[in-house]
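Have a look at the structure below before the remarks.
Worth saying up front: this structure is predicted, and the values here are computed from it rather than measured. So you know, we letter chains A, B, ... as the sequences are listed, proteins then strands, and number each from 1.
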There are 2 protein chains.
Amino acid sequence: MNIGEASKASGVSTKMIRYYESIGLIPAAMRTGSGYRVYSGTEIQLLRFIRRSRDLGFPVEKIEELLALWRDRTRQSADVKRLALEQIDGLKRKVQEMQGMIDTLRHLADACCGDHHPDCPILEDLGHGAVAGIGQHDRGTEAKSRHHSRLHSRRFGNFE
Amino acid sequence: MNIGEASKASGVSTKMIRYYESIGLIPAAMRTGSGYRVYSGTEIQLLRFIRRSRDLGFPVEKIEELLALWRDRTRQSADVKRLALEQIDGLKRKVQEMQGMIDTLRHLADACCGDHHPDCPILEDLGHGAVAGIGQHDRGTEAKSRHHSRLHSRRFGNFE
DNA sequence: ATAATGGTTCCCATGATGGGAAGGTCAAGA
DNA sequence: TCTTGACCTTCCCATCATGGGAACCATTAT
């Protein structure tokens with residue numbers, strides 16, 4: 001099985017297979033005499049594990065931990081569960097943050113009649129000394145949302 | 001007002017102020033004789049507009065459009081509202097995708113007793129030929145979630 | 001005068017992913 | 001056998017918004 005076939009079988013692009021090898025997430029593949037990478041069932045399974053983990057939003061760093069546990073037959077399921085729960089928490093935090101944005105935007109959009117007139121509460125909110133709050137919108141949600149934003153100035157970097 | 005004071009007044013880091021200038025999102029600031037950037041009320045307002053828009057998840061590209069509308073006194077509020085609604089849609093899509101991950105992880109975590117034993121349904125799901133589905137979990141949600149993931153192989157890149 | 005703070009530019013890193021070029025390999029068909 | 005097309009290899013570059021840090025200059029306070 002060459003890298004293209006492994007890609008189709010695992011759902012991981014050839015680019016990413018080489019990348020995962022380069023960062024040491026997967027062991028270096030065997031090579032044919034002419035330098036082609038060769039894969040077999042074991043590696044396909046490994047790639048599928050990674051693909052599935054990525055689909056669940058685990059960053060590569062966490063996948064390393066998951067793989068270590070996967071390979072360790074003496075692991076404790078509590079360790080795996082902890083990783084899963086942490087992942088859930090992280091996702092929930094991001095969902096909440098985005099939900100706060102949605103709520104605010106919803107309020108603003110609802111207040112904008114959206115016609116041919118230039119008057120627009122959305123732009124007024126964005127432009128008018130917006131540091132103190134947004135006016136029409138619920139203060140509790142807003143304060144919480146902004147607080148969160150300020151904690152992470154790199155607000156969504158590498159969140160998956 | 002130098003760049004540090006402008007940063008404090010607007011909530012935008014000095015790094016980002018220079019960056020926004022470099023990409024042309026804001027006009028080049030005036031300079032003192034010795035080369036320091038100088039800002040006044042107008043620019044602070046502009047920076048706050050940008051900061052607020054970023055807090056609402058708008059990418060810089062969309063902020064350019066918002067700014068163009070902000071400056072255009074003959075704009076139609078419908079154009080602004082459309083941008084806001086598009087932003088809401090984009091955020092909702094990402095929230096749904098993450099919610100799908102959360103649901104799946106929740107199912108898996110619930111099925112894992114999380115004790116000192118090595119048996120773990122989470123790892124079994126990740127490792128066992130995961131392409132066809134995940135077993136215990138509801139198929140509808142799963143299919144939808146995976147479909148979404150496959151549509152965007154770069155699953156969350158620059159989503160804000 | 002000197003030290004501390006803060007400005008300037010320039011380069012680099014992030015994370016996961018793709019694009020693309022330049023060149024080698026392999027298999028199928030003329 | 002030769003060609004063609006599909007595939008592989010490595011290497012570099014781009015993304016997006018953000019920060020870190022070095023080397024160097026300016027301002028300000030002691």
For atom [atom1] of [X] and atom [atom2] of [N], their distance in whole Å:
{"X": "A:K62", "N": "C:dG15", "atom1": "NZ", "atom2": "P", "answer": "13 Å"}
{"X": "B:E64", "N": "D:dC16", "atom1": "CD", "atom2": "P", "answer": "11 Å"}
{"X": "A:K8", "N": "D:dA6", "atom1": "NZ", "atom2": "C1'", "answer": "10 Å"}
{"X": "A:I3", "N": "C:dG24", "atom1": "CD1", "atom2": "P", "answer": "20 Å"}
{"X": "A:E21", "N": "D:dC8", "atom1": "CD", "atom2": "C1'", "answer": "13 Å"}
{"X": "A:Y19", "N": "C:dA16", "atom1": "OH", "atom2": "P", "answer": "5 Å"}
{"X": "B:Y20", "N": "D:dG19", "atom1": "OH", "atom2": "C1'", "answer": "13 Å"}
{"X": "A:F58", "N": "C:dA16", "atom1": "CZ", "atom2": "C1'", "answer": "17 Å"}

From [options], nucleotide with atom closest to [X] side chain:
{"X": "A:K15", "options": "C:dG18, D:dT9, C:dG20", "result": "C:dG20"}
{"X": "B:V60", "options": "D:dT9, D:dG19, D:dA17", "result": "D:dA17"}
{"X": "A:R54", "options": "D:dC8, C:dT17, C:dT9", "result": "C:dT17"}
{"X": "A:M16", "options": "D:dC8, C:dG7, C:dA16", "result": "C:dA16"}

Should [X] be listed as having a side-chain N or O under 4.0 Å from OP1 or OP2 of [N]?
{"X": "B:R37", "N": "C:dT9", "answer": "yes"}
{"X": "A:S13", "N": "C:dT17", "answer": "no"}
{"X": "B:R31", "N": "D:dC25", "answer": "no"}

Just by distance, with hydrogens left out, do A:Q45 and A:T42 show a side-chain donor and acceptor under 3.5 Å apart? no
If you go through the side-chain atoms of A:Y36, does one of them form a donor-acceptor pair with the base of C:dG24 closer than 3.5 Å? yes
For A:R73, I'd like to know if atom CZ has over 12 heavy atoms of other residues, nucleotides or ligands within 6.0 Å. no
CD (A:Q99) and CG (B:L91) are apart, to the nearest 0.5 Å, by 9.0 Å
Closer to the 5' end of DNA chain D via nearest nucleotide, is it B:E61 or B:T32? B:E61
Starting from the 5' end of DNA chain C, give me the residue, B:R18 or A:S34, whose nearest nucleotide shows up first. B:R18
Does the side chain of A:R18 reach to within under 4.5 Å of the side chain of A:R37, using non-hydrogen atoms? yes
Within a strict 4.5 Å, meaning less than it, do heavy atoms of the A:I23 and A:V60 side chains meet? yes
